[in-house]
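I have placed the structure first, in the form of structure tokens, so that the comments after it can refer back to it.
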Amino acid sequence: MPIDLEAIFLAGIEQNKDRLFRICSVYTHDAEEASDLFQDVLANIWQAMPTFSAKSSISTWMFRITLNICLRLRSTQTRRRDIFVNINKENLENIGSSSEQDEPTWLLALLRSCIKDLNDAEKSIITLYLEELPYKEIAEITGLTENTIAVKVKRIKNKLLNCMSESL
Amino acid sequence: MNEQEIKNIWQSSGNEEHLQFDKTKLILDLESDLKRFRKAIKYRDWREIGIALLMIPLFGFTAFKIPFLLSKIGAIVIVGWCILLIFRILGAKRKETILPTETYLDYLTKSRQYLLAQYKLLDTVLYWYVLPSVTGILLFFMGFDLSLFKQIFYVVIVVGVGIGTYLLNKYAVKTGILPRLKRVDGILKDLEE
């Protein structure tokens, strides 16, 4: 891979890693699974780098891949916990341990649980919205129109607020 | 609780997750794994096609040379089956390319097309794989002057393998393809609403 693409990849990951990981976290049951999925996402982003053109921003492009990989209907062989374990074991372990122990647990856990109760289509839109992406960018990622996104966001937001309020 | 508070809670989780990358190791590991994965898929397809390509001249020549009529017909059926097999595998491979770089909607639509192609391929395995191969092989063996015991033995083995193949494929459709297809359909429906 050319050095400039490699640099774009690393810069893009550095800039978006937390956001991408948060998206992975709502498609999985625990932090360990989320880090597996995150590795899968990284692998796919890396693999797709040669096809990246500056038509969209690197962030939009990475979100698009992340969403598709999170959605991917995982079969038993795609559970690759051990495959990447030597990438950077201590760093990957940090993801799980820190997210489990240090985060403002109950509110975040509640929010994640409310998001997990949404269907896959709603999950994909609300996670992007919570990352404060503009409708235009969400539309670019999902392939839906901005109007559709706006309507859906309103509906999902209400569901989420209700779910949170009921549980508080 | 308001919307901004929810956003703050959501975004707070990443603050604790300090990821760092060992660039070289990451890249080497990913490259090596992806190559392995792609190789495995390619290997499976080309192995099937390779065996079929080997059998075509072998049974084609046998069909031409063998004096027994039933065996001759059997060999021709096997050649036809091998050709059909190659076309079916290549046909399904064409729908395999789903890039994760597509928009979510395109990705879903293409995933659906791919799953449908796989469903059709496996669900009709009886007609393009099991029946032609079992018929061809049985005819081929029946053409020889074999004892009744040997004939029964071959029939049981060949039909048994055929039934096993059919059931395995039906199981794969039921457990592997239909649930995924249902899920993709569900998401597409939710997005359209």
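Convention: sequence-line order gives letters A, B, ...; per-chain numbering from 1.
For A/Val26, the part lying under 4.5 angstrom from a heavy atom of chain B is the side chain only. Residue A/Arg155 touches chain B through its side chain alone, counting heavy-atom pairs closer than 4.5 Å. A/Leu110 does not touch chain B: none of its heavy atoms, backbone or side chain, sits under 4.5 Å away. Looking at A/Thr127, both its backbone and its side chain come within 4.5 Å of chain B, counting heavy atoms on both sides. If you measure heavy-atom distances from B/Leu188 to chain A, you find no contacts under 4.5 Å at all. Within the 4.5 angstrom heavy-atom criterion, atoms from both the backbone and the side chain of A/Tyr129 approach chain B.
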Query - A/Arg64 vs B/Glu102, salt bridge (Lys or Arg N to Asp or Glu O under 4.0 Å): CA-CA, chis, key distance, verdict - result: CA-CA 7 Å; A/Arg64 192 182 288 168; B/Glu102 317 246 17; over 6 Å; no

Report task. Dump the intermediate steps for salt bridge (Lys or Arg N to Asp or Glu O under 4.0 Å) on A/Lys136 and A/Glu146, then the final yes or no. Result -> CA-CA 6 Å; A/Lys136 194 182 168 201; A/Glu146 280 184 60; over 6 Å; no

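Top candidate by heavy-atom pairs under 4.5 Å with chain B, chosen from A/Asn119, A/Ile115, A/Thr66, is A/Asn119. Interface remark: of the candidates B/Asn8, B/Leu105, B/Asp106, B/Thr101, B/Thr101 forms the most heavy-atom pairs closer than 4.5 Å to chain A.
The hydrophobic cluster of B/Phe64 has no other members, since no ILVMFWY side-chain heavy atom comes under 4.5 Å of it.
Sulfur atoms SG of A/Cys114 and A/Cys163 are positioned under 2.5 Å apart.
Interface residues of residues 137-144 of chain A toward chain B, defined by a heavy-atom distance below 4.5 Å and sorted by number: A/Glu140, A/Ile141, A/Thr142, A/Gly143, A/Leu144.
Between B/Phe140 and B/Phe59, a ring centre-to-centre spacing shorter than 6.0 Å is recorded.
One distance of note links CD1 of B/Ile66 with CZ of B/Phe144; it measures 4.0 Å at 0.5 Å rounding. The distance from the CG atom of A/Leu111 to the CE atom of A/Met164 is 5.0 Å, given to the nearest 0.5 Å. Between the OH atom of A/Tyr135 and the OG1 atom of A/Thr145 there is a distance of 12.0 Å, given to the nearest 0.5 Å.
For the pair B/Lys150 and B/Phe141, the NZ or CZ position fails the cation-pi test of under 6.0 Å to the six-membered ring centre and within 45 degrees of the ring normal.
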